[in-house]
Amino acid sequence: MIDATILGMGVGQAERVATASEIRIHAQAVRDALADAGLHNPRIAEDGSVVVHSDVPSMVVLGRVTTQLHVIVGDHVRVFFDTTPAAARWATSPL
């Protein structure tokens with residue numbers, strides 16, 4: 001599992017993080033939101049962390065899409081760029 005606070009997007013104590021199975025229920029809507037934000041090749045880890053590629057990684061874009069995914073899924077969704085050390089190793093399943 002990745003600590004989301006590394007990216008300055010920590011989850012509040014009371015905020016629940018979505019599981020991989022909960023995210024997969026909304027997979028098409030999640031993929032659409034990621035694509036609309038210019039994020040590609042979404043993969044999901046067993047803990048529900050989503051790893052994406054961006055030609056121009058931006059924390060602003062990541063923050064916005066995380067907020068959109070929270071609305072879609074109903075709980076916080078951890079999203080990381082594939083440039084995050086080790087991210088590509090844990091998130092190997094396509095979303």
Side-chain angles (χ1 to χ4, degrees):
M1 182 193 310
I2 306 168
D3 182 354
T5 58
I6 292 171
L7 298 176
M9 306 182 107
V11 178
Q13 291 284 339
E15 191 168 15
R16 189 176 173 289
V17 177
T19 65
S21 60
E22 291 167 335
I23 295 167
R24 284 187 185 105
I25 291 169
H26 304 281
Q28 187 59 56
V30 169
R31 285 191 300 266
D32 290 346
L34 294 170
D36 289 347
L39 305 175
H40 313 285
N41 194 23
R43 295 162 324 268
I44 191 163
E46 289 180 23
D47 71 354
S49 297
V50 175
V51 176
V52 296
H53 178 77
S54 176
D55 295 333
V56 184
S58 163
M59 294 307 293
V60 172
V61 170
L62 197 63
R64 286 183 188 148
V65 80
T66 299
T67 300
Q68 290 174 320
L69 297 183
H70 187 277
V71 171
I72 291 167
V73 176
D75 287 307
H76 179 75
V77 177
R78 292 187 214 109
V79 182
F80 299 91
F81 292 118
D82 57 6
T83 55
T84 301
R89 286 194 305 249
W90 341 291
T92 57
S93 298
L95 179 62

Query raised in the report: Do Arg64 and Ser58 pass the side-chain contact (heavy atoms from CB on, under 4.5 Å) test, and can you show the C-alpha distance, the side-chain angles, and the key distance before you say yes or no?
Result: CA-CA 10 Å; Arg64 286 183 188 148; Ser58 163; over 6 Å; no

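- The hydrophobic clustering, which links ILVMFWY residues whose side-chain heavy atoms are closer than 4.5 Å, places Met59 and Leu69 together.
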Residues 30-39 side chain polar contacts: donor-acceptor under 3.5 Å, at least two apart:
residue	atom	partner	partner atom	Å
Arg31	NH1	Leu95	O	2.9
Arg31	NH2	Gln28	OE1	2.7
Asp32	OD1	Gln28	NE2	2.8

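- For Ala45 against Ala20, the heavy-atom pair with the smallest separation is O-CB, 3.6 Å.
- The nearest pair of heavy atoms linking Phe81 to Ser54 is CE2-CB, 3.7 Å.
- Within the model, atoms OG1 of Thr67 and NE2 of His76 stand 9.0 Å from one another, a figure rounded to the nearest 0.5 Å.
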Requested in this report: For side-chain contact (heavy atoms from CB on, under 4.5 Å), just list the numbers for Val52 and Arg43, CA-CA rounded to whole Å, side-chain angles, deciding distance to a tenth of an Å, and then say yes or no.
Outcome: CA-CA 6 Å; Val52 296; Arg43 295 162 324 268; over 6 Å; no

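- For Ala18, the side-chain contact (heavy atoms from CB on, under 4.5 Å) criterion is met by Glu22, Ile23, Val73, Asp75, Val77, not counting sequence neighbours.
- For the pair Val51 and Ala91, the tightest heavy-atom approach, listed with the atom from each and the gap, is CG2-CB, 3.3 Å.
- Across every non-hydrogen atom of Ile44 and Arg24, the tightest pair is CG2-NH2, 3.4 Å.
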